[in-house]
Amino acid sequence: MKPTNIKDPEYFHKVVDCQYACPAHTPVPEYIRLIAAERYTEAYMVNWESNVFPGVLGRTCDRPCEPACRRGRVEEKPVAICRLKRVAADNKGPVRQLMPQGPFPSNGKKIALIGGGPASLTVARDLAPLGYELHLYDDHKKGGGMMRSQIPAFRLPESVLDEEVDFILDLGIHRHFNTYVSSMKDILSQDYDAVFVGTGAPKGGDLRKIPGREEGDANIHIGIEWLANVAFEHTDKIGKKVVVLGGGNTAMDCCRTAKRLGGEEVTVVVRSPFKDMKASPWEIEDAQREGIPIRNCMPPKQFVVENGKLKGVLFEKVEAVYDENGKRSLVSTGEPDEFIEADEVLMAIGQENAFPWIERDLGIEFGKWDIPVVDRLTFQSTNPRVFFGGDAAFGPENVITAVAHGHQAAVSIDLFCQGQDLRERPAPTVNLFHQKMGIHEWMYDSQVVEDLRYAVPHAANEVALKDRKLEVELGFSQDTGFKEAQRCLNCDIQTIFTDRLCIECDACVDICPTSCITFTLNGEEEEVRARLNAPAEELSQDLYVSDTLPTSRVMIKDENVCLHCGLCAERCPTAAWDMKKYLYQVTKTCQVWDIMAPVQL
Amino acid sequence: MTYLRPKFRHPESPKNNLGYTRQYYEGALSTLCAGCGHDSISGAIIQACFEIDLEPHRLAKLSGIGCSSKTPTYFLGNSHGFNSVHGRMPSVATGANLANRDLIYLGVSGDGDSASIGMGQFVHAIRRNLNIVYIVMNNGCYGLTKGQDSATADVGSVNKSGAANQFSTIDLVGLALELGATFVGRSFSGDKAQLVPMIKAAMAHRGFAFIDVLSPCVTFNNNPGSTKSYDYVRAHLEATAAVDYVPFKSEITASYPEGTGKTIRLHDDSEIRLRKLASGWDPTDRGLAFARLQESRSNNEILTGLIYLDPNRKDLHEMLDTVGQPLNTLTEQDLCPGQSALEAINAENR
Ligand SMILES: Cc1cc2nc3c(=O)[nH]c(=O)nc-3n(C[C@H](O)[C@H](O)[C@H](O)COP(=O)(O)OP(=O)(O)OC[C@H]3O[C@@H](n4cnc5c(N)ncnc54)[C@H](O)[C@@H]3O)c2cc1C
Ligand SMILES: Cc1ncc(C[n+]2csc(CCOP(=O)(O)OP(=O)(O)O)c2C)c(N)n1
Ligand code: SF4
Ligand code: SF4
Ligand code: SF4
Ligand SMILES: [Mg+2]
């Protein structure tokens with residue numbers, strides 16, 4: 001194996017599992033340490049710089065960081081990264097004065113942002129301080145997109161969303177709310193230097209082919225449309241018996257909302273097996289905690305309508321059968337069909353992109369499923385002036401992905417307006433900070449606590465189910481937040497090896513609790529992995545390989561389960577190992593907040 | 001501030017036949033200097049005990065005084081232990097061994113502890129072929145008292161203050177060989193591949209198993225000019241053969257081409273196998289061992305590996321013809337069998 005190039009900014013970035021997995025690459029351990037130090041304001045700002053909506057995301061993020069978290073590889077559960085973010089948001093002090101302060105001197109460029117969701121808002125935040133004139137269009141009365149229209153208030157209080165949307169709008173964004181853009185041609189004919197499309201994936205799936213669909217239409221609703229009607233208070237009740245079709249997060253929000261609007265017998269019915277449900281495990285848990293049964297392996301066969309009134313839904317019974325390639329098909333079990341009574345049905349069976357307002361002769365190419373052809377790096381469409389991001393770009397994802405797209409689209413738009421090459425993007429910012437203070441003393445808390453993950457308290461069902469707007473999750477207290485923060489292994493405090501200092505005394509090998517370090521002869525990676533001190537079977541985790549040492553061996557460290565405890569560096573007689581904090585900041589148009597500030601405070 | 005070892009271990013840590021991971025054989029976190037060779041030897045002892053499926057309660061650690069003698073605190077935290085006075089470990093070990101022959105005895109000492117103040121005790125334990133594994137962590141100095149030259153410092157070796165040793169050196173391997181030790185080996189703290197199997201073999205051997213382990217003192221004797229520094233030792237190592245320990249019942253896997261290997265069967269039917277054996281070398285030939293040792297000295301080499309082995313000599317218990325049952329478990333009934341037993345003995349002698 002070749003010696004590892006630790007100068008490559010991505011090498012250590014990958015070691016910070018959570019940050020690497022976060023689409024916006026939020027410096028997670030940095031903000032977690034700030035929470036432990038009760039510096040909630042700075043912790044909030046570290047988040048705000050990266051993910052723009054810490055209060056929203058601290059409640060609703062899909063949290064791809066958590067399955068990636070190293071802690072989950074050394075004990076049962078990952079750090080509650082997402083809920084810690086909320087601790088920062090809940091306890092922050094005044095933050096407005098830490099954000100960029102307008103008015104910003106104009107740079108003479110004008111940008112249209114179509115759609116007011118997290119993608120467009122991120123582009124707005126990143127470009128405003130550079131002097132762009134930004135025009136935001138949305139068909140709703142307020143900004144936020146699906147964060148407002150879809151995510152129910154019992155998961156995300158409106159005040160939290162309003163605050164974070166306003167932080168951005170108040171940077172001097174021109175608002176065009178209650179304005180549906182019906183023609184891209186019209187927009188392109190105006191004097192915008194570039195156009196960003198962040199209109200989401202607004203079309204909910206329907207079951208047009210199922211008999212009874214037309215006849216029962218008055219009581220059969222498309223889930224996302226129904227949720228939007230609830231959010232904007234056009235709908236405030238539902239029948240007593242409700243069937244929700246679908247197994248994703250939208251189905252979970254539909255059933256829980258129905259339960260709060262008068263649904264007494266709410267049942268979720270999924271066509272596939274339970275284990276294949278798309279909803280996040282915690283959302284399923286939350287629905288079940290509210291007493292909502294989830295039935296599986298039952299595709300709908302007929303909407304039963306009698307005398308023009310919906311009576312219920314007839315379901316077939318199936319099982320999943322897998323062929324030799326593991327491909328699933330749902331096959332009838334032969335059992336009799338099951339009828340479930342329903343006054344109303346909510347269909348939560350998927351979401352699609354739809355661009356009826358974009359004319360097809362503008363040089364904007366569309367591919368399969370009406371999805372535009374968009375460059376994955378630059379977010380530029382085939383019309384160089386038009387950029388896409390968020391759900392509109394590659395289909396429905398989540399808020400944090402929309403934010404990540406927004407950052408990169410902003411970089412592209414800025415390069416485009418300056419007449420530069422979109423592919424020559426500025427490098428990420430990286431910094432290494434010394435941590436050593438004494439023989440056994442580091443600037444970070446290197447001790448590894450053994451606490452298991454703390455659970456977030458919930459409001460009791462009796463009160464929660466009575467009020468659609470009452471937030472169910474109560475968030476961690478400051479004390480629990482501290483304890484949970486201590487579970488973080490500080491994966492950004494990197495172990496750095498200097499081969500010319502090593503005397504091959506083995507002290508680091510002997511001390512390492514998780515047997516990460518081996519001194520051995522070099523070889524091919526596959527074969528080397530098999531003969532390290534502990535099995536290195538997690539191929540997604542790199543091996544850190546040194547140059548050849550005097551005994552003709554190399555040092556090989558398996559990054560997989562390193563606890564970042566610093567013991568190797570404490571036991572090394574020559575400081576061949578050192579612990580240094582690695583701060584990685586993904587490429588953005590501008591740094592909106594100086595992340596280094598809390599370090600120097 | 002850490003200096004506390006986290007409880008987490010590698011989730012796929014291998015388990016031995018008893019179902020224990022290596023962690024079960026660890027001790028307290030070491031307080032020795034970072035980089036001390038002694039810590040590596042502790043690591044090798046842990047590894048060896050893990051690999052031979054040792055039940056920790058079956059082993060007793062005994063030591064004297066010195067950094068080396070402190071190490072039993074840092075391994076086998078679930079075993080018995082006795083930290084004796086400086087140089088007096090061999091007599092304590094002899095007493096313990098006589099009282100309970102069922103335990104495995106692991107004596108840990110230093111070059112000061114064994115070659116200076118404890119020399120008298122050391123040599124007599126060897127003469128008696130006490131059944132013990134006796135490891136000297138040899139750093140050529142008194143580490144604990146800040147690095148004075150010890151009796152194993154080589155002539156001309158320069159210590160940290162710059163002075164070269166003028167006194168003749170004691171080679172503990174030569175001494176053990178001379179006094180009739182039945183298992184004599186030498187290794188280096190920085191070579192676990194050699195040391196771990198050697199400790200396993202020594203534990204299986206019945207009789208005095210002596211291992212001299214060169215163990216650099218990073219703080220007081222790792223300077224240029226020292227012959228016990230990491231660099232010097234590495235540059236002058238010369239191995240007799242690679243040692244493999246094969247416990248009884250293990251499948252026989254390899255047979256060696258003529259002249260490249262040798263298998264020695266121990267009293268419990270486990271085996272020691274020697275690979276890459278130097279040509280003409282036979283570790284059961286005491287005369288050869290003396291000659292080879294002498295030759296390596298004149299070549300300025302540090303001879304390592306299994307240097308001599310006699311698996312058949314009687315140990316102390318056999319020589320004394322003690323009962324098979326540990327003395328500490330004999331009851332008054334066993335010791336005073338009564339009038340009729342006495343009469344039977346007397347009748348025999350009439
Ligand atoms: C029920 C439900 C629950 C969800 N829960 C979560 C969650 O808990 N966590 C999470 O991370 N993600 C969740 N999501 C997904 C998340 O909301 C979206 O992925 C995210 O909001 C996409 O952001 P965006 O900026 O791409 O567009 P959107 O948020 O979809 O915003 C697009 C906006 O553009 C407007 N618009 C569309 N066309 C036009 C037009 N022609 N003119 C003017 N305005 C237009 C739309 O009305 C909308 O307001 C959920 C989605 C649904 C459906
Ligand atoms: C009776 C007695 N005399 C002297 C001492 C002081 N003393 C403590 S350790 C030591 C030498 C230890 O040297 P060594 O056995 O080589 O151990 P190391 O520290 O080098 O591992 C001496 C002389 C003592 N503790 N007790
Ligand atoms: S332990 Fe902390 S730093 Fe490491 S992956 Fe988990 S949250 Fe991130
Ligand atoms: S920091 Fe060093 S000692 Fe601690 S787990 Fe990582 S490699 Fe091992
Ligand atoms: S502790 Fe330091 S000097 Fe010793 S082997 Fe490890 S890196 Fe090398
Ligand atoms: Mg010594």
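Chain letters run A, B, ... following the sequence lines, proteins first, then strands; residues in each count from 1.
In terms of heavy-atom pairs under 4.5 Å with chain B, the best-connected choice from Gly438(A), Cys516(A), Ala507(A), Ala534(A) is Ala534(A). Comparing Glu537(A), Glu450(A), Met437(A), Arg73(A) by how many heavy-atom pairs each has under 4.5 Å with chain B, the most go to Glu450(A).
Between the CG atom of Asp39(B) and the SG atom of Cys508(A) there is a distance of 11.5 Å, given to the nearest 0.5 Å. Here the CD-CZ distance, from Gln447(A) to Arg5(B), works out to 14.0 Å after rounding to the nearest 0.5 Å. Put simply, CD on Glu12(B) and OG on Ser515(A) are 11.0 Å apart, with the number rounded to the nearest 0.5 Å. If you take NE2 on His10(B) and CG on Leu563(A), they are separated by 10.5 Å, rounding to the nearest 0.5 Å.
No option in Leu489(A), Leu567(A), Val449(A) other than Leu567(A) meets the side chain to side chain contact (heavy atoms under 4.5 Å, CB included) test with Pro6(B).
Judged by distance alone, with hydrogens and angles left aside, the side-chain atoms of Arg234(B) form a donor-acceptor pair with the main-chain N or O of Glu504(A) at under 3.5 Å. A distance-only check finds a donor-acceptor pair linking the side chain of Ser40(B) to the backbone of Cys505(A) [under 3.5 Å].
Taking 4.5 Å as the limit, some side-chain heavy atom of Asn222(B) sits within range of a side-chain heavy atom of Ile503(A). With a 4.5 Å cut-off on side-chain heavy atoms, Glu75(A) and Phe8(B) count as touching. Using a 4.5 Å heavy-atom cutoff, the side chains of Lys192(B) and Asp510(A) are in contact. Residues Arg571(A) and Ser30(B) form a side-chain contact, since some pair of their non-hydrogen atoms from C-beta on lies under 4.5 Å apart.
In Lys275(A), the NZ atom is crowded: over 12 heavy atoms of neighbouring residues, nucleotides or ligands sit closer than 6.0 Å. The number of heavy-atom neighbours closer than 6.0 Å to CD of Glu527(A), taken from other residues, nucleotides and ligands shown, is above 12.
Neither the backbone nor the side chain of Asp231(B) comes within contact range of chain A; no heavy atoms are under 4.5 Å apart. Looking at Thr551(A), only its side chain comes within 4.5 Å of chain B, counting heavy atoms on both sides.
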Quiz item: Between Ile511(A) and Leu29(B), does a side-chain contact (heavy atoms from CB on, under 4.5 Å) hold up when you go through it step by step?
Solution: CA-CA 8 Å; Ile511(A) 199 73; Leu29(B) 199 61; 3.1 Å; yes
